[in-house]
Amino acid sequence: MDDVLTVPAALALALGLGFFLGLAFEEHYAEDQVRRPGGIRTFPMLALAGAVLWLIEPEHGTAFLVLLGFVAVAMLLYWRAWMAAQQSGELRPRGGLMVPVVNLAAAAIRPACLTQAPWIPVGLTMTAVLLLRARISLHGLAARVPGREITTAAQFLVLAGVVLPLVPHDPIAAWLPLTPFQIWLAVIAMSGISWGTYLLQRYVSPGHGPLIGAAVGGLYSSTAATVALARVLRDASGRQPVVEAAIVLATAVMFLRIVLIAAVFDTGFALTLAPWLIGLGAAAGLAAMVLLRDGRGLKPELPNPAGNPLRIGTALAFAVLFISVSAATAWLGGRFGAAGLYAVAAAVGLGDLDAITIRLATAPVPGGAGAILIATASNNIVKGCVALGFGGGRRAWRPAGTLYALSAATWRAVALAI
């Protein structure tokens, strides 16, 4: 690999990462005043030993595996002693399995400095440090997530890892170049993205204010966020700049969500969309800052999403929508060309952007970028109407007007894009 470091640089990197991991390890456990295997001296030594032993026999890594086995045995003895102390009722400080795992990581990451691009061992070390330091936050999150969420996630993994590879790859019909595999892949991808943002909105963003809630809500559903925030405006006694800004911020994040979804299926198509959508998102973010310049008023929390997006009913509904959009784009696009595609985009954008984004990313057609822009313009018109309908013209005219202005700017972008 061309980007692999030279041996001296790799050894220096291994030493530095071992030192950094050891520093984080000792700082994390410092309050217990109890010595544990590993730390600011041990991890750099393991790093250097692992790197040198890999250099001695790099073909099969036998010498390094001996070191790894030695560390594993030592950590097993530590683990057994810790478990024995727990069972005997002795008061022992925190540690448990995390200590052996971090020691093994300190030894195992180092050969990556010699064989992989530098970002890989650096990324692995940073991940280990973040997981080590995030103990309280992660345990708190685990306590807040109910068992039914874990069960639903397990069902999703079965559908993605077991069912997806078995789905046929043959087209459904000659006039519809869409396979069952593509349909199921779209459902899995969309469900996964929605589930991640659902967890953030339900278990992480509460308590962080309306702007963070709106940003996460924009990743999940900017329309739902607009409805919830507009209702706050309707019930408020005066102008609410923070809520107005949050409505526009949710749409700013929506533009980024579209780029992310497109990138999952076709990086080239996402790069084509990126300048337009990121520019529109930046304009929306700037508009939100203008609305926020007077930051007084209510700072409500967005309500939690109504249901888990991994539910079978939700997935099947999206599959039906995806097939319908695919059929409409194939038929109208084939019959009327770009005009038919744009008509479908304008109509679909009134309710959903994900289905047409995935359809055009999985089967690119001429004018696809323009169609996505038209769908977003249509969607922003709907959200402007939603803001006025749920928030009232007197309270919501500023965010609604901003959304209409974004729609007009998007139509201008369409004229330039096509």
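We count residues from 1, following the sequence as given.
Counting heavy atoms from C-beta on, the side chains of L416 and W276 come closer than 4.5 Å. Looking at heavy atoms from C-beta onward, L403 lies in side-chain contact with L406 at the 4.5 angstrom threshold. In this structure, the side chains of W184 and P168 stay at 4.5 Å or more apart for every pair of heavy atoms. Counting heavy atoms from C-beta on, the side chains of P118 and L13 come closer than 4.5 Å. For the pair I374 and W411, the minimum side-chain heavy-atom distance is below 4.5 Å. Using a 4.5 Å cut-off on side-chain heavy atoms (C-beta onward), L256 and L277 make no contact. With a 4.5 Å cut-off on side-chain heavy atoms, N380 and F255 count as touching. Annotation: side chain of V248 is in contact with side chain of P399 (closest heavy-atom distance under 4.5 Å).
With sequence neighbours excluded, the residues that form a side-chain hydrogen bond (donor to acceptor under 3.5 Å, both in side chains) with T251 are K383. Applying the side-chain contact (heavy atoms from CB on, under 4.5 Å) test to A409 and every residue at least two apart in sequence or in another chain returns L280. For S326, the side-chain hydrogen bond (donor to acceptor under 3.5 Å, both in side chains) criterion is met by no residue, not counting sequence neighbours. In this structure A328 satisfies the side-chain contact (heavy atoms from CB on, under 4.5 Å) test together with V344, sequence neighbours excluded. Judged as a side-chain contact (heavy atoms from CB on, under 4.5 Å), and not counting sequence neighbours, the contacts of A375 are A345, L353, I356. For R398, the salt bridge (Lys or Arg N to Asp or Glu O under 4.0 Å) criterion is met by E244, not counting sequence neighbours. By the side-chain contact (heavy atoms from CB on, under 4.5 Å) test, T272 pairs with A369, sequence neighbours left out. When the side-chain hydrogen bond (donor to acceptor under 3.5 Å, both in side chains) test is applied to R257, the partners found at least two apart in sequence or on another chain are D354. Contacts of F336 classified as ring-ring contact (aromatic ring centres under 6.0 Å, His included), with partners at least two apart in sequence or in another chain: none.
A pairwise comparison of heavy atoms in A252 and A284 identifies CB-CB, 3.5 Å as the closest pair. Nearest heavy-atom pair, V187 versus A319, reported as atom, atom and distance to 0.1 Å: CG2-CB, 3.7 Å. Residues A346 and S378 approach most closely at O-OG, 2.7 Å, considering heavy atoms. The minimum heavy-atom distance linking L341 with P366 is given by the pair CD2-O, 3.8 Å. Closest of all the heavy-atom pairs between H169 and T179 is O-CG2, 2.9 Å. Between G368 and L360, the shortest heavy-atom distance links the atoms O-CD1, 3.6 Å.
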**Request:** Please assess T357 against I372 for the test side chain to side chain contact (heavy atoms under 4.5 Å, CB included), listing each intermediate value before the final yes or no.
**Result:** CA-CA 7 Å; T357 301; I372 296 296; 3.7 Å; yes
**Request:** With side chain to side chain contact (heavy atoms under 4.5 Å, CB included) as the test, would you mind laying out the steps for I183 and I323 before giving the verdict?
**Result:** CA-CA 7 Å; I183 297 171; I323 294 172; 3.6 Å; yes
**Asked** Going through the distances and angles, do V348 and T329 end up as a side chain to side chain contact (heavy atoms under 4.5 Å, CB included)?
**Response** CA-CA 10 Å; V348 172; T329 55; over 6 Å; no
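Note that the CZ atom of R234 and the CD atom of Q240 stand 13.5 Å from one another [nearest 0.5 Å]. Taking CE of M254 as the start and CG of L249 as the end, the distance is 12.0 Å to the nearest 0.5 Å. Annotation: the span from L286 atom CG to T402 atom OG1 amounts to 10.5 Å, rounded to 0.5 Å.
Panel note: side chain S407, backbone A377; a donor-acceptor pair is recorded below 3.5 Å. Distance alone, capped at 3.5 Å, places no donor-acceptor pair between the Y342 side chain and the G337 backbone.
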Please report, to 0.1 Å, the donor-acceptor pairs under 3.5 Å made by any side chain of residues 14-21, with sequence neighbours excluded.
none

Scan the side chains in residues 262-269 for donor-acceptor partners under 3.5 Å anywhere in the protein, sequence neighbours excluded, and list what turns up.
{"residue": "D266", "atom": "OD1", "partner": "G268", "partner atom": "N", "Å": "3.0"}
{"residue": "D266", "atom": "OD1", "partner": "F269", "partner atom": "N", "Å": "3.2"}

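If you run side-chain contact (heavy atoms from CB on, under 4.5 Å) between D352 and each of L321, T223, N379, only L321 comes through.
Pairs engaging residues 215-233 under the salt bridge (charged side-chain N to carboxylate O under 4.0 Å, His left out) rule: none recorded [sequence neighbours left out].
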